[in-house]
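Take a look at the structure below.
Values reported hereafter were calculated over all heavy atoms of this structure, with side chains retained and with hydrogens, waters and symmetry mates removed. Each chain gets a letter, A, B and so on, in the order the sequences are listed, and its residues count up from 1.
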Number of protein chains: 2
Amino acid sequence: MTIDDVARRAGVSRTSVSRALLGQNKVSDQTRSRVRQAAEELGYVPSVAASTLASGRGDTLGLLLRDAANPAYGLLFTELQRYGREAGRQVVSMTVTTDEHGRGQVAALHHLVGLRVAGLVVATGGLSTEQLLPFAGILPIVRAGRPEESGLLHAVSYDERGGGAEVARAIHAHGHRRVAVLVTDADVSYPEWVRGTAIVETLRALGVDVDELAVRRHFEGATEVCDLARQRRVSAVACPSDMRALQVLRVARSQGLRVPDDLSVTGFDGILPGADLIGLATYRIPVEEVASAAIRTLLEVVNGAEGVHQLQMSGRFVEAPSLDRPVPAPT
Amino acid sequence: MTIDDVARRAGVSRTSVSRALLGQNKVSDQTRSRVRQAAEELGYVPSVAASTLASGRGDTLGLLLRDAANPAYGLLFTELQRYGREAGRQVVSMTVTTDEHGRGQVAALHHLVGLRVAGLVVATGGLSTEQLLPFAGILPIVRAGRPEESGLLHAVSYDERGGGAEVARAIHAHGHRRVAVLVTDADVSYPEWVRGTAIVETLRALGVDVDELAVRRHFEGATEVCDLARQRRVSAVACPSDMRALQVLRVARSQGLRVPDDLSVTGFDGILPGADLIGLATYRIPVEEVASAAIRTLLEVVNGAEGVHQLQMSGRFVEAPSLDRPVPAPT
DNA sequence: CTGAAAGCGCTTACAG
DNA sequence: CTGAAAGCGCTTACAG
């Protein structure tokens, strides 16, 4: 089933079929309608491969994503698709689970580049600037959800530092003076690393006593934090993601520790459906804005805009019962 | 940057480059290594379009998905990708948000078919059997997450009926005799419709008094249910999804209704991170099993298996405090 | 083991 | 407005 079958059935040339189906206006109405009907009757689906090859350019946008099982990435994914579609582009995606270090990520990147997409949004921290750079010459690439400190690639990211500082100020404003902070390495999760670091720095600048706990897997550190709370060594804990905060809440509950009376808890992300029911105070990251700006930036670059585009979007802190310890009255 | 550039640099023919890069063993080791080096130095990425066209077959698997912002679909997406990758296939996906009725879904389907993928997993209820059927002749299609009653398409689905019955039995076992059930139309959400219907039927068969509440949007019905509870007309409500259950919990809380004392609540899905903290009793659908079986089925069909494959996977009910009303002691 | 050549299914100057 | 022909970047018989 090729374009020639349609041409034969419509009684016109292959050229006319192509033009009619592409919606070009160099075809008579009669030809157009005959072609459409023939294509319809035959159930003809043009080969994107052949079309891309012949025209020399794809009009599809590519998306490279991190594991969508994480609600924050799932939402980012959906929003990127939505904005791409709104701009009249088809969007194809590939996901890389976090455990496939390096190899899988690069393979997926290659595949997307091989597909000759018009442009690419990369929403996984798993690929370094160095790994991306060689491809940036071939096609427009915008990194989403993580800043590009190199200044060499377009990037639309969350203001993780600002968010971390805001979380710290909220904790301080609620009267906490001894606080535990879960901190990851940059290679575990770049955003969590920035958040944790910013929280620690800001708290210290505010004169708060900080206990840094180095963690990796999402369930680590919760027990230690609860121990500290029971010993009254800290009255609050700041977690660099909601998932980690949930784990703290779980352990606290299982140990009979009251939240926020014995231990206040803050998270980071704010995407989890039902977080309001849990009463988790958190920082809501602006996923929709990042997705929208990433697509907008990509399209500008695809359409020939100059220079390197870098944007950061801010979210907002969400107060909730898990951080409800009253501010001590001034004496 | 084409295969000819690599050939020139390696000092061999285009044919040899192709063979070397495809990993065929009709090439000398010397040629192979020279080609690899040349390709590496040049940063050559083969055109998937050209390759697909020339070889006549793609080896990529396609995925058509519903909105990944829903955790259940997000997880399904991730797992499908994972199993596909484990089988050595690249997997490309397209998402359709629920609001794009018809047009967007079909456009995405066309694009994926146009990409000439080797096979396709369709994980959205938005496309009817009739819309899918014409393409099933062109390439293998497996529907995931929803049964194909037509018996014409391969399908791997959740046993929604069995799950609904299990929820109903649990509610009955906890002593409830007057129960509200939120029920949707099939066109709002097919799975929710099956679940709701099964819950109602099973409860009635058990002699339970059922109040059916027709709902559409996810926030509908919660207020009505709470009113019924306050009037002691029902002691429990069964929701066909966790999202709906969360909304009931929200309204109940805002009205000062105690859960489960005044109103027991059950959900359906069991995917939500943190649902354990909310204490929601629910039915955990077997997402991982469905994803695994869908990919397995697709690969079998791609490899020439005969017949129509249809599978259903069962999950399990998860007891939790939201359904903790004690069973009345036998007298 | 190697390469010249045909061909995959389209698009697009070009000539009419 | 229409069509014959060249060409996009690969793969794969075929002949050597």
query: Does the side chain of A:Val35 reach to within under 4.5 Å of the side chain of A:Leu21, using non-hydrogen atoms?
result: yes

Of B:Ser55 and B:Asn25, the one whose closest DNA chain C nucleotide lies more 5': B:Asn25

- prompt: Okay, side chain of A:Asp185, backbone of A:Asp187: is any donor-acceptor separation there less than 3.5 Å?
  reply: no

B:Gln24, nearest nucleotide to its side chain (from D:dT12, C:dT2, D:dC10): D:dT12

field: From C:dC10, D:dC1, D:dC10, nucleotide with atom closest to B:Ser51 side chain
entry: D:dC10

query: When the P atoms of C:dA5 and C:dC1 are considered, how many whole Å apart are they?
result: 23 Å

task: Classify the nucleic acid contact of A:Thr52 as base, sugar-phosphate or nothing, counting any heavy atom under 4.0 Å across all strands shown.
output: nothing

Which nucleotide in C:dC14, D:dG9, D:dT12 has an atom nearest any side-chain atom of A:Arg19: C:dC14

query: Within this structure, what is the CG-to-C1' distance between A:Asp4 and D:dG3, rounded to whole angstrom?
result: 12 Å

message: Looking only at side-chain N and O atoms, does A:Glu79 offer a donor or acceptor that is under 3.5 Å from a partner on A:Ser292?
response: no

query: Near DNA chain C, which residues from residues 8-18 of chain A have a heavy atom under 4.0 Å away?
result: A:Arg14, A:Thr15, A:Ser18

field: Note: A:Glu86-A:Arg82 ion pair, threshold 4.0 Å (strictly below)
entry: yes

statement: Whole-Å distance, B:Lys26 NZ to D:dA15 P, equals 15 Å

- line: Separation of D:dT12 atom P from B:Leu22 atom CG, nearest Å, is 7 Å

query: Under a 3.5 Å cut-off on both pairing distances, which runs of 3 or more consecutive Watson-Crick or G-U pairs involve DNA chain C?
result: C:1-3 with D:14-16, C:5-12 with D:5-12, C:14-16 with D:1-3

